[in-house]
Enquirer: 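The structure under discussion is supplied below as structure tokens; questions concerning it will follow.
Chain A is the first sequence line, chain B the second, and so forth, proteins listed ahead of strands; every chain is numbered from 1.
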4 protein chains.
Amino acid sequence: MSTIDDQAREPAVPKRDREATRARLLEAARLRFAREGYDATSVRDIARDSGVDATLIFRYFGSKKQLFDEASATDLPAGLLEGPQEELVARMVRTVVDHDWTKYGGEHPLVAMLRSSAHEDARRRIREEVCATYVNALRDLAEGEDAELRAELLSAWMVGIGILRSVVGTPALAEARAADLAPHVAAVATDLLGRPMSGTADREGGSSRT
Amino acid sequence: MSTIDDQAREPAVPKRDREATRARLLEAARLRFAREGYDATSVRDIARDSGVDATLIFRYFGSKKQLFDEASATDLPAGLLEGPQEELVARMVRTVVDHDWTKYGGEHPLVAMLRSSAHEDARRRIREEVCATYVNALRDLAEGEDAELRAELLSAWMVGIGILRSVVGTPALAEARAADLAPHVAAVATDLLGRPMSGTADREGGSSRT
Amino acid sequence: MSTIDDQAREPAVPKRDREATRARLLEAARLRFAREGYDATSVRDIARDSGVDATLIFRYFGSKKQLFDEASATDLPAGLLEGPQEELVARMVRTVVDHDWTKYGGEHPLVAMLRSSAHEDARRRIREEVCATYVNALRDLAEGEDAELRAELLSAWMVGIGILRSVVGTPALAEARAADLAPHVAAVATDLLGRPMSGTADREGGSSRT
Amino acid sequence: MSTIDDQAREPAVPKRDREATRARLLEAARLRFAREGYDATSVRDIARDSGVDATLIFRYFGSKKQLFDEASATDLPAGLLEGPQEELVARMVRTVVDHDWTKYGGEHPLVAMLRSSAHEDARRRIREEVCATYVNALRDLAEGEDAELRAELLSAWMVGIGILRSVVGTPALAEARAADLAPHVAAVATDLLGRPMSGTADREGGSSRT
DNA sequence: GATGAATGAGCGTTCATTCAT
DNA sequence: CATGAATGAACGCTCATTCAT
């Protein structure tokens, strides 16, 4: 009812444009799923957010589940795994802390996806994501015998920081920038990985491609 | 709270039944909410698990949400905050890794509650829990100026470890015992808190057996 | 909207009576399924007809399909298979022509069920019904070698008569009573079964038990 | 009807396309409607079967119902009503039993249409068909007073045989060929019609190859 | 004229919750 | 007071059909 005369000021929303409609649905889905989780999000919610008929979800994505899958496919920040090795951890912190995740409601997508972790499928996605983004890269860096464990411990820290920042909202972490965390993280990482890690990274190394 | 002094005038049996039924509902709710999350759990599920009629949930707790609130009130492991200060972090790790959380489906209740973190209520619970259990105690220990931040960073690690262990299930952490983690944790904690922390704790310090 | 003030003249419809509600649903389902077929009947139709909430269908029957199964379970007219053998065919004709099938919308339930014969389940039901009610009994009576075929031919006639009467509505059959058909049927049956069959049956031999 | 004289001005190719598409839709519709019934068949099913866009159905036929009407117009087997009168019933049996009805999913179209008999339109079609194909021809043959009734009874038998053969699938009839049924049918027909009927027919008299 | 994006009603079903007995 | 019948909103999804391009 409040949208009756919106058509005038809506700038350039093309109607009957398959790609545009698909994109709007995907965008709305990403946000809803991130904020409310899979179960609390209805396809009608997403459709309403997109200003699009709900049946198009099924036309374009097949099912709510498939939409979820597509919506929660994170494109890991380009450049994370490139650049100087000793700055890898600093880049990871940036990814967690400074990166612009507004597309996912302002939270790291991994954290957002935990909200849907009642579903084994979502859990698997999280697992793959954590391994691909953090554990594997860190394991390659770690020296000594229990490299896997230490890589996971460091990964756990990244995830934990994301959670305290956005879900829990503890005061210091919620406000902190990557630069505030860098010295601490570098010290710990150096310790855990058994090789010197830098607290700063020259460039972002984590600008989402989308 | 209104049932606190009821035990005096009970006619022996029917009263205990009421209490027993309430307790069974709570127990079933705790498990379901932890495992499946708030949305994926139906009041009928809980009632069925408890072997009682679903309407009793409304009679006893008012609504599904209130049942959730009551069911997700974690009794933080007794003894966590007692004992030698230098062993505090080691005790925390034990709480996360070795403690028997079968009451909550085998996961640390904080981790389980993340599954329901779409709801502001659950988020508040998590916030309170994290602060009460981890941040506050660690902040008191930390030396130097940004004590809060460092306490939160360490808390984030505890939470992150819990997540990777049970939700994500990364291979090394999923199998690890507190003893495997102790040396790494002690080193990092010593570093972050600016005071020597021990990697072992004499006793559990958090049995809270239910 | 036209039912707003019906509550006054509804004579004795007991509310909150499980059996009564179940019975009303079943009755409405029987009629709808018979008249419109499975696919064209919605659970809301049935609920509306019964003056009952649609969700009770699932409470009491589990699913639309199970309701259909129960609603289409014909109790074959008591007495059909009893009584003098030479009057069996006459009794069958009565079942098809004179029996009061208003419960099924005025048609023989077999004929009504043909409307749902797109579903293999319904087809199986029809098959069982036809064999149990007609073919088996007639085969036992037939003399000579291709008894099965002749029994089926006679059964086909019964079914065909039912269809022309109610679905097609050909003028003579639609008006005919069993007595009008009896001489013709008796002659043919005598011929097909190879033993004398009577054109009259003393008693109805087909009063549905329900 | 508006396309009757279009063939004169066609530009050779595109017109034939339109006709060809229309024909394919009709063919697919015939099959689907016969096999699954009106309600269980969706316009998308038919379009998919034909390999064309679903909206063409509305373009060419107006609505699903109109497509159904057109698709269920049976062309009664040519030659049924021609040929020696005493072989008429034998020809009818052939039509029911031996004729190639693959166009209608292998069943006599009358039988197939019963699946849609919830709709008055379909019922009317069946009525017309039964009268035109069976009752009228047989009435003309019958001697004596209640010729109509006897003609209908014999028609009922034809229809019933079709039903038991394909819908119900009773064992003997499902396998039988016209030749197996001929002697029985001839005897009964002779009896019912009051004039000698032959059990064999020289030629099919109803090919209607499409 | 043909394509396919869009629509809105309706499907079977489950939900949390209320109310009568 | 407890049981369970009842309720109505909402769910994911499919339908026949229309309309813009």
Enquirer: Applying a 3.5 angstrom cut-off to the pairing atoms, does DNA chain F sit in any stems of at least three consecutive Watson-Crick or G-U pairs? List them by first number.
Expert: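 So far as stems of 3 or more pairs are concerned, DNA chain F shows E:2-21 with F:2-21.
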
Enquirer: Find the distance A/Leu25:CG to E/dA6:P and express it as a whole number of Å.
Expert: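 A/Leu25 atom CG is separated from E/dA6 atom P by 9 Å.
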
Enquirer: Tell me, please, which residues at least two apart from D/Tyr104 pass ring pair (Phe, Tyr, Trp, His ring centres under 6.0 Å).
Expert: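 D/Tyr104: ring pair (Phe, Tyr, Trp, His ring centres under 6.0 Å) contacts with D/Trp101.
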
Enquirer: Using whole Å, report how far NE2 of A/His119 lies from P of F/dG12.
Expert: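 For the pair A/His119 NE2 and F/dG12 P, the rounded distance is 11 Å.
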
Enquirer: Reckon C/Thr21 has a side-chain N or O less than 4.0 Å from the OP1 or OP2 of F/dA5?
Expert: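 Checking C/Thr21 against F/dA5: no side-chain N or O falls below 4.0 Å of OP1 or OP2.
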
Enquirer: Return the nearest nucleotide to the side chain of A/Arg44; candidates are E/dG4, E/dG10, E/dC15.
Expert: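 Given the options E/dG4, E/dG10, E/dC15, the side chain of A/Arg44 is closest to E/dG10.
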
Enquirer: Identify the residue among D/Arg32, D/Arg44, D/Arg30, D/Arg35 that makes a salt bridge (Lys or Arg N to Asp or Glu O under 4.0 Å) with D/Asp49.
Expert: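 That would be D/Arg32.
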
Enquirer: So if I take residues 49-65 of chain D and measure heavy-atom distances to DNA chain E, which residues fall below 4.0 Å?
Expert: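 The stretch gives D/Asp53, D/Thr55, D/Arg59 as the residues lying under 4.0 Å from the strand, ordered by number.
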
Enquirer: Round to the nearest Å and state the distance from A/Arg24 atom CZ to E/dA5 atom P.
Expert: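 These atoms are roughly 15 Å apart.
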
Enquirer: Can you measure from CZ (A/Phe33) to OG (A/Ser72) and round to the nearest 0.5 angstrom?
Expert: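 Going from the CZ atom of A/Phe33 to the OG atom of A/Ser72 covers 8.0 Å.
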
Enquirer: Establish, for the pair B/Lys64 and B/Phe58, whether the NZ or CZ atom is under 6.0 angstrom from the six-membered ring centre and no further than 45 degrees off its axis.
Expert: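 Not satisfied by the 6.0 Å and 45° rule.
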
Enquirer: For the pair made of CD in D/Glu36 and P in F/dT14, what is the distance, rounded to whole Å?
Expert: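 Interatomic distance, CD of D/Glu36 to P of F/dT14: 16 Å.
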
Enquirer: Does C/Arg18 place a side-chain N or O at less than 4.0 Å from the phosphate oxygens OP1/OP2 of F/dA5?
Expert: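 Answer yes for this pair, as a side-chain N or O of C/Arg18 is under 4.0 Å from OP1 or OP2.
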
Enquirer: Are the charged groups of B/Glu129 and B/Arg124 less than 4.0 angstrom apart, N to O?
Expert: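 Between B/Arg124 and B/Glu129 there is no salt bridge, as every charged N stays at least 4.0 Å from the carboxylate O atoms.
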
Enquirer: When you check the gap from the basic side-chain N to the acidic O, do C/Arg125 and C/Asp69 get nearer than 4.0 Å?
Expert: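 Between C/Asp69 and C/Arg125 there is a salt bridge, with a charged N closer than 4.0 Å to a carboxylate O.
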
Enquirer: Check the distance between F/dC11's C1' and A/Phe68's CZ and give it to me in whole angstrom.
Expert: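 For the pair A/Phe68 CZ and F/dC11 C1', the rounded distance is 18 Å.
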
Enquirer: Nearest whole Å is fine: how far is E/dC15 P from B/Asp45 CG?
Expert: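 So the CG-P distance, B/Asp45 to E/dC15, works out to 7 Å.
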
Enquirer: Starting at atom CG of A/Leu67, determine the distance to atom P of F/dC11, rounded to an integer number of angstrom.
Expert: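 Value for this atom pair: 15 Å.
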
Enquirer: Any salt bridge between A/Asp121 and A/Lys65, counting N to O under 4.0 Å?
Expert: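 Salt bridge between A/Asp121 and A/Lys65, a charged N being under 4.0 Å from a carboxylate O: yes.
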
Enquirer: Salt bridge check: are C/Arg115 and C/Glu107 linked by an N-O gap of less than 4.0 Å?
Expert: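 Judged by the 4.0 Å cut-off on N to carboxylate O distance, C/Arg115 and C/Glu107 do form a salt bridge.
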
Enquirer: Using atom CD of C/Glu19 as one end and atom P of F/dG4 as the other, report the distance to the nearest whole Å.
Expert: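 Going from CD in C/Glu19 over to P in F/dG4 covers 13 Å.
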
Enquirer: Answer yes if the side chains of A/Arg123 and A/Ser117 hold a donor-acceptor pair under 3.5 Å, and no otherwise.
Expert: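 Distance-only check fails for A/Arg123 and A/Ser117.
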
